Amino acid sequence: YVGLFNWLFAKKHGGKFLLRIEDTDQVRSTPESEASIMRAMKWLDLAYDEGPDIGGPCGPYRQSERTEHYRVHTKLLLDKDLAYRCFCTEERLKERRAIQMAAKLPPGYDGSCRAIAKAESERRATAGEPFVVRLKVDKSGKTIVKDVLRGDIEFSHTEIDDQVLMKSDNFPTYHLANVVDDRLMGITHVLRAEEWISSTPKHVLLYQAFDWPAPVFCHLPLLRNADRTKISKRKNPTSLDWYRSQGYLQEALVNFLALMGFAPAEGEGSEVFDREQLLARFDLDKISIGGPVFDLTKLEWLNGEWIRRQSVEGLADRLLHFLAHDGPVEGRTRLPPRDLVLKIVPLIQERMKKLSEWDEWTDYFFKESVVLTKDAFRRAKLPPAQLAMVLTACADLLGKNSNIDHGRDEPALRELAGKLGVKVGDLFMSLRVAITGKSATPPLLESMELLGHATSVARLRAAAQFLAEGDPGEL
RNA sequence: GGCCCCAUCGUCCAGCCUGGCUAGGACAUCGCCCUUUCAAGGCGGUAACACGGGUUCAAAUCCCGUUGGGGUCACCA
């Protein structure tokens, strides 16, 4: 979501879009988490101009490979006396916090290590005592954060902690690494989620400490769960891999994400738009600020819209690709032949909301025989004996020809219904269940054409026999 | 709890800046039409300015307060 808006903004203004991996948490960062980010960017077609896998003039693009930069810049602040070493143990800090919380005081570092003389600090560090480096925040005064969407936001310095910049493992925190890298990589605009607002004054203070101009900040609204809390994977599918495996089209997801917090200008009509149209309409200032609830219902509708916008060939190929690579049934070995898919697609295209529905719409084309139940025939509203008679009559009628032709056979079947004294709808429903095993299906006669004459007639006879054998009382 | 952000139909958005609204669109929902099923499509309906004060001829729009929701207060990002 945030990536899309960054991409749009960069493209809109002829800027560069770079991917930087912020992997300074040595516990949480894994090759898999990085791969999943890149997979997602690739799937959504948010191509970056520079990044860890393609290089660029600002590399390296993994923070774990840029530690020298952070070391140098930390030393700079230490030398200017704008930062200091803190030797407090985690236990001491935790205890402190607990006491503060209990006393209903705002938790925060008390700055006790500020008092350690420089020479003493150097000595302890050299002796190998573990420490972190903190920013020295002047507790008087205030810092104003300029946010594109919200205007000026004021923070009193009493609210700003002496932020840790360097952790005891010699890795930087987000705050330091982000500021240093944004400067070094020439980042002009920071578009990130709203949850960062309260850390932004710390970043502004850091820019000031380095004597650098701050970039433009724009905090995007946080996507929400249905209960309005910040979106989480417990309450919502947040992995892009999930959407792909569910058969959502990349275009639909981008379209949907764009709609969260953004609307096409008045009079521009449809909410269904492609990348190009989105880019043309995109405007940072038009982003709405309330946290949108992430609601899959509208996404499903949009996905259906996008499925219907595909050409038959295009959809067939996407289905094939989905079945082979993305679907819930991973790496399916038996793929339907492309020429058959091409013929089935027109029958299901306007019925499908997700690619993953392929199996439920088309299973009867691929099964040897369909599973029949009396219950399935209920909607034909005829007693079993009559059902069997109707099906036999239909089989006889169709059996006279050597193929199925919906243009010729449909009127003939209607006529037959009249002769047999059953409703047209009931006759077709009984056929439908006999052929497919269910009462909601793609167009029937066209399906039978694809199934083939022999199979179709055989299924009718099998169903007639099944019904004739059954206990009439059951219906 | 402190600080910060936010507040229009069930949901997403428009309208707010630059007061004039019988508050508009989309999804969902309900009804009708089309129809051999299911869809798709067409037509129509239900449905919202959180509350209280102010300013004004006039407030969804401007101001203040209240309430509600969210975020954040880590050697996580």
Side-chain angles (χ1 to χ4, degrees), chain A residues 22-25 27-29 86 88-90 93-94 97 100-101 103-109 130-134 145 147 149-150 153-156 158-161 163-175 177-178 192-201 219 221-222 224 226-230 256 259-267 269-272 285-286 288-302 304 308 348-353 361 379-380 410 413-414 417 423-433 436 438-445:
Chain A
E22 312 213 302
D23 55 351
T24 56
D25 183 329
V27 177
R28 287 201 310 171
S29 303
C86 169
C88 297
T89 62
E90 267 192 88
L93 295 175
K94 258 183 204 158
R97 260 197 298 275
Q100 285 168 328
M101 298 284 260
K104 296 209 194 272
L105 289 167
Y109 183 60
F131 64 88
V132 301
V133 176
R134 288 179 185 273
V145 171
D147 182 273
L149 264 13
R150 294 155 234 263
I153 308 171
E154 205 175 289
F155 294 89
S156 160
T158 53
E159 304 296 330
I160 305 175
D161 221 3
Q163 200 57 38
V164 172
L165 304 176
M166 269 293 189
K167 303 184 271 191
S168 55
D169 65 358
N170 271 316
F171 266 52
T173 57
Y174 169 87
H175 309 292
N178 181 265
R192 54 160 47 150
E194 193 182 3
E195 56 192 326
W196 288 105
I197 288 181
S198 33
S199 330
T200 307
H219 291 91
L222 227 32
R224 309 287 187 87
D227 63 5
R228 305 229 169 240
T229 51
K230 135 167 123 168
F256 179 64
L259 247 18
M260 306 254 90
F262 181 72
E266 192 104 32
S270 178
E271 292 188 350
V272 186
D285 302 322
K286 287 272 189 291
S288 53
I289 223 168
V293 170
F294 195 82
D295 174 24
L296 283 317
T297 316
K298 191 158 182 176
L299 173 59
E300 283 218 357
W301 164 76
L302 255 183
R308 272 168 256 136
I348 60 172
Q349 183 160 21
E350 67 189 24
R351 296 175 168 74
M352 258 198 322
K353 284 202 162 68
W361 282 115
R379 280 193 56 192
E410 203 213 291
L413 287 166
R414 282 175 182 280
K423 285 185 183 163
V424 172
D426 290 344
L427 177 135
F428 280 110
M429 182 52 79
S430 60
L431 280 184
R432 183 181 311 281
V433 176
T436 69
K438 44 197 166 190
S439 56
T441 73
L444 184 57
L445 274 296

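Labels below follow one simple rule: chain letters A, B, ... track the order of the sequence lines, proteins then strands, and each chain is numbered from 1. Note that the structure is a prediction, hence the values are computed from the model and not measured.
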> So do the side chains of A:Val272 and A:Trp301 get within less than 4.5 Å of each other, counting heavy atoms only?
yes
> Quantified in whole Å, what is the C1' atom distance between nucleotide B:G44 and nucleotide B:C17?
36 Å
> Would you say B:A74 has OP1 or OP2 under 4.0 Å from some side-chain N or O of A:Arg97?
yes
> Remember a base hit wins even if backbone is also touched, and classify A:Pro172 as base, sugar-phosphate or nothing at under 4.0 Å, heavy atoms.
sugar-phosphate
> Considering only B:C75, B:G70, B:A77, which nucleotide approaches the side chain of A:Arg224 most closely?
B:G70
> Do A:Val132 and A:Thr173 come within less than 4.5 Å of each other through their side chains, counting heavy atoms only?
no
> I want to check one thing: is the phosphate of B:C76, taken as OP1 and OP2, less than 4.0 Å away from some side-chain N or O of A:Thr173?
no
> For a quick check, tell me whether the side chain of A:Arg28 and the base of B:C76 share a donor-acceptor pair closer than 3.5 Å.
yes
> Using a 4.0 Å heavy-atom cut-off, does A:Ser439 contact any base of the nucleic acid, only the sugar-phosphate backbone, or nothing at all?
base
> Can you identify which nucleotide, out of B:C75, B:C5, B:A77, has its nearest atom closest to the A:Trp196 side chain?
B:A77
> Quantified in whole Å, what is the P atom distance between nucleotide B:C33 and nucleotide B:G71?
48 Å
> Round to a whole Å and report the spacing from CD of A:Glu195 to P of B:C6.
16 Å
> If you restrict it to nitrogen or oxygen atoms, what contacts under 3.5 Å exist between nucleotides 7-13 of chain B and the protein, and what is each distance?
from, atom 1, to, atom 2, distance (Å)
B:U11, OP1, A:Arg228, NH2, 2.9
B:C12, OP1, A:Val293, N, 2.7
B:C12, O2', A:Leu259, O, 3.0
B:C13, OP1, A:Gly261, N, 2.9

> In whole angstrom, what separates A:Glu154's CD from B:C3's P?
13 Å
> May I ask you to say what A:Thr229 touches in the nucleic acid, namely base, sugar-phosphate or nothing, with a heavy-atom cut-off under 4.0 Å?
sugar-phosphate
> Round to the nearest Å and state the distance from A:Leu445 atom CG to B:U35 atom P.
17 Å
> Could you check which nucleotide pairs with B:A7 in any of the strands shown, counting Watson-Crick or G-U wobble with both distances under 3.5 Å?
B:U67
> If you take atom types as modelled and just measure distance, does the side chain of A:Ser168 reach the base of B:C75 with a donor-acceptor pair under 3.5 Å?
yes
> Where the side chain of A:Tyr174 is defined as all heavy atoms beyond and including C-beta, which of B:A77, B:C4, B:U36 is the nearest nucleotide?
B:A77
> Once you round it to whole Å, what is the distance between C1' of B:U37 and CG of A:Leu444?
9 Å
> Starting from P on B:C76, measure out to NZ on A:Lys230 and report it in whole angstrom.
16 Å
> Surrounding NZ of A:Lys423 (heavy atoms of other residues, nucleotides or ligands, distance under 6.0 Å), is the total greater than 12?
no
> Here's a test of your reading of the structure: between A:Ile197 and A:Leu222, which maps to the more 5' nucleotide of RNA chain B?
A:Ile197
> Using the side-chain hydrogen bond (donor to acceptor under 3.5 Å, both in side chains) definition, which of the options A:Glu194, A:Arg150, A:Arg192 pairs with A:His219?
A:Arg192
> Does the side chain of A:Arg379 get closer than 4.0 angstrom to OP1 or OP2 of B:U37 through an N or O atom?
no
> How would you summarise protein contacts on nucleotides 40-45 of chain B per nucleotide, using B for base, S for sugar-phosphate only and - for none, with heavy-atom distances below 4.0 Å?
SS----
